[in-house]
Each structure stands twice: as structure tokens, then as C-alpha cells.
Amino acid sequence: MKKTEQLYEGKAKKVFNTEDPNLLIVSYKDDATAFNGQKKGTINQKGIINNQMSNFLMQIIEKDGVPTHFVEEINERETVVKRVEIIPLEVIVRNISAGSFAKRYGVDEGIVFEQPTVEFSYKNDDLGDPLMSPLHAIALKLLTQDEMDKITDYALRVNKILKEFWVQRGITLVDFKIEFGKTVDGTVILADEISPDTCRLWDTETGEKLDKDRFRRDLGGVEDAYFEVMRRLRENDK
Ligand code: TMP
């Protein structure tokens, strides 16, 4: 599969057309941004780690019954994926309070929930990705009620799969963001990426942050954290 013209360049990835109208090639960059692009930097080799990690996890998720955009990894930074129209919602699942949840409600980080929460943000950089209720998303025709039910169900299934996967590797899945898209025939599938950019991952024993919060909060050791997560990902099940 060969890239043809560039379709889009985002903050962390470029997307290319291919000779097949139903397939795209995603190319992962080392660029990192936070706070809607206000903070900019580079995380050395992040593109390689995010590409490989996302592909690995998408394949596990697909095997467990949630359809994904993954088709084939073609090199360390690039992957063939199914073409979708992205549903402009960030779907966020939380197991433990952190980040904007802790800030919004004035609570500490680290409160373990009895059951996971699901919330949605409207993907719109000009508006700063505002929180959006499911009924508002349906009112704005971003998706149908059936699609909303489906992505909520998928998001909780993805949470269960990822939580169990990371537990076996000494990592606590605090929260994560995923995105869904619709294929040409209207099927809703998991798209975008699953990586330390889009998940909060805490070392279960030490509580150390092993994700993009090290970059967002200037904690140092960003590259080491990404490498450590990749190393654990490759560990055999304990
Ligand atoms: P939040 O606590 O800042 O709302 O973030 C929740 C999760 O979503 C966290 O794992 C980081 C991820 N996330 C993204 O992937 N992209 C974003 O733009 C933001 C704000 C968060």
C-alpha cells in the first residue's frame, strides 16, 4: 500500500490517501501539544511508540469483539487504517478521578470509582473541546441515539479489556480518550489511537505517572515513561 496525497495534518499525526479509496495511511509524529495546542514540544520516538502500542491494543480489542480501523502496520511510524468519517466526539472513560474531572468537581486525584464513568467532549478546537451531553450531541445530529448507545457500550468494553490488560503489567488504567468513526457503509468502528498520549497510566506499586501528564505538567522523564509503558506492553502475561 502506497501513500498518495496528504489528506490532513493534526497535532500528533498525518493522514494520507492511498490508491484504495477505502484505506488511509496514518503517520505518527513525535510532536506533542497540550492545552489545545498552547504548549508545544517533542517527545523523542513518541511516534514509534504510539503507532506500535495503538496497533497492538487495537488488535486485542478487535479480537474481543469491538471493531477497529486497524488494517496493517507498514513501518514503525505508519499504519494502514480503514477510512472513516470521525464522529466529532471525544469519548472519555474514567476509573479514577484525575485531570479535568478532579478540577471541575474540586476533588482530589486518585478517588477510585465503584463503576466507570463515560463522558463526551465536542471535538472543536475553536471552542476548546467543550463537555457535551449525549442529548446535545444527538440534537446537533453528530450521531443518532442508536450510535450513541453503541459507542457507549463499546467504550465500556474497551475499558474492561484495557484495564485487565494493564493490571497484568503492573499498570493502573486511570482514564482514557477514544474516538469512533463511520465507514463508508455506516458501520461504527474504533478509530484514532490508544497510547500514553490518550490514556492516564499509573504504576500500580509506586503511583508514578507513565503517560503524557509528565509532559503536560513538566514532570520530566517523559521519554522514559513512554519507553517503560512500551516495555511493559511487551511483557508476557504474568
Ligand atoms: P482530562 O482529565 O484532561 O479530561 O483527560 C481525560 C483523558 O483524556 C486523559 O486520559 C487524557 C485524554 N485526553 C486526550 O487524549 N486528549 C485531550 O485533548 C485531552 C484534554 C485529554
Side-chain angles (χ1 to χ4, degrees), residues 8-13 26 28-41 43 46-47 49-51 53-54 57-58 61 68-69 86-113 116-134 137 151-152 154-156 158-163 165-167 171-181 190-204 207-219 222 225-226 229 233:
Y8 168 81
E9 176 162 6
K11 287 181 279 216
K13 300 187 279 294
V26 180
Y28 285 75
K29 307 190 284 185
D30 287 348
D31 299 349
T33 65
F35 315 117
N36 200 12
Q38 287 175 62
K39 182 182 170 84
K40 288 194 174 72
I43 302 174
K46 170 171 90 78
I49 290 174
N50 287 10
N51 182 42
M53 182 175 301
S54 194
L57 295 174
M58 291 252 181
I61 288 164
T68 77
H69 73 168
I86 290 284
I87 296 169
L89 289 175
E90 301 201 330
V91 183
I92 296 160
V93 181
R94 300 180 192 270
N95 297 302
I96 297 178
S97 66
S100 69
F101 182 98
K103 201 169 172 204
R104 178 175 312 115
Y105 299 118
V107 298
D108 287 341
E109 295 200 315
I111 303 165
V112 180
F113 303 148
T117 68
V118 184
E119 77 204 41
F120 305 90
S121 290
Y122 181 31
K123 258 176 79 72
N124 184 317
D125 282 343
D126 294 341
L127 301 175
D129 297 342
L131 196 65
M132 183 175 261
S133 86
I151 67 172
T152 304
Y154 282 165
L156 289 169
V158 168
N159 182 48
K160 198 160 171 286
I161 297 162
L162 293 180
K163 228 174 108 172
F165 177 86
W166 286 118
V167 155
I171 288 177
T172 303
L173 177 64
V174 174
D175 57 31
F176 63 90
K177 183 270 297 179
I178 47 180
E179 296 179 23
F180 292 89
L190 181 63
D192 194 51
E193 68 177 276
I194 303 174
S195 71
D197 274 18
T198 61
C199 302
R200 283 198 174 92
L201 303 166
W202 293 355
D203 184 287
T204 307
E208 194 187 353
K209 296 185 194 332
L210 298 172
D211 56 62
K212 195 177 166 190
D213 270 351
R214 302 207 73 84
F215 170 78
R216 293 188 189 100
R217 302 178 187 191
D218 294 322
L219 300 175
V222 186
Y226 278 64
V229 174
L233 177 117

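Hydrogens, waters and symmetry mates play no part in the numbers below; they use all other heavy atoms, side chains included. Only a predicted model underlies this, so the values are computations on that prediction, with no experimental measurement involved. In listed order, ligands and their atoms are each counted from 1.
Each of the atoms 15 (O) of ligand 1 lies under 4.0 Å from some heavy atom of D197. Residue R216 approaches ligand 1 through these ligand atoms, each under 4.0 Å from one of its heavy atoms: 11 (C). Near G99, meaning under 4.0 Å from any of its heavy atoms, are these atoms of ligand 1: 2 (O). Every atom of ligand 1 with a heavy atom of F176 under 4.0 Å away is listed here by number and element: 10 (O). Near S100, with a cut-off below 4.0 Å to any heavy atom, the atoms of ligand 1 are 1 (P), 2 (O), 3 (O), 4 (O). Near T198, with a cut-off below 4.0 Å to any heavy atom, the atoms of ligand 1 are 10 (O), 12 (C), 15 (O). Annotation for ligand 1: atoms under 4.0 Å from non-hydrogen atoms of C199 are 10 (O).
No side-chain N or O of D129 forms a donor-acceptor pair with one of S121 less than 3.5 Å apart.
Between D197 and K11 there is no salt bridge, since no side-chain N of the basic residue sits under 4.0 Å from a carboxylate O of the acidic one.
Side-chain contact between K29 and K13: absent, with no pair of heavy atoms (C-beta onward) separated by less than 4.5 Å. Using a 4.5 Å heavy-atom cutoff, the side chains of I86 and F180 are not in contact. For the pair Y226 and K212, the minimum side-chain heavy-atom distance is below 4.5 Å. When side chains are defined from C-beta on, K46 does not count as touching V222, because their heavy atoms never get closer than 4.5 Å. Proximity of I96 to V112: side-chain heavy atoms (C-beta onward) are separated by under 4.5 Å at one or more points.
Given atom 10 (O) of ligand 1, the protein heavy atom at minimum distance is D175 OD1, 2.6 Å. Of the protein's non-hydrogen atoms, E90 OE1, 4.8 Å is the one closest to atom 20 (C) of ligand 1. The nearest heavy-atom contact from the protein to atom 14 (C) of ligand 1 is K177 CE, 3.6 Å.
Looking at ligand 1, you'll find an N or O of R200 within less than 3.5 Å of one of its N or O atoms. Here's the thing with E119: none of its N/O atoms is less than 3.5 angstrom from an N/O atom of ligand 1.
Remark: of the listed residues K209, K177, R94, R94 is the sole one forming a side chain to side chain contact (heavy atoms under 4.5 Å, CB included) with R200. Residue C199 is tested with I171, I194, D175, D211 for a side chain to side chain contact (heavy atoms under 4.5 Å, CB included); the sole match is I194.
Distances from ligand 1 to the non-hydrogen atoms of K212 include no value under 4.0 Å.
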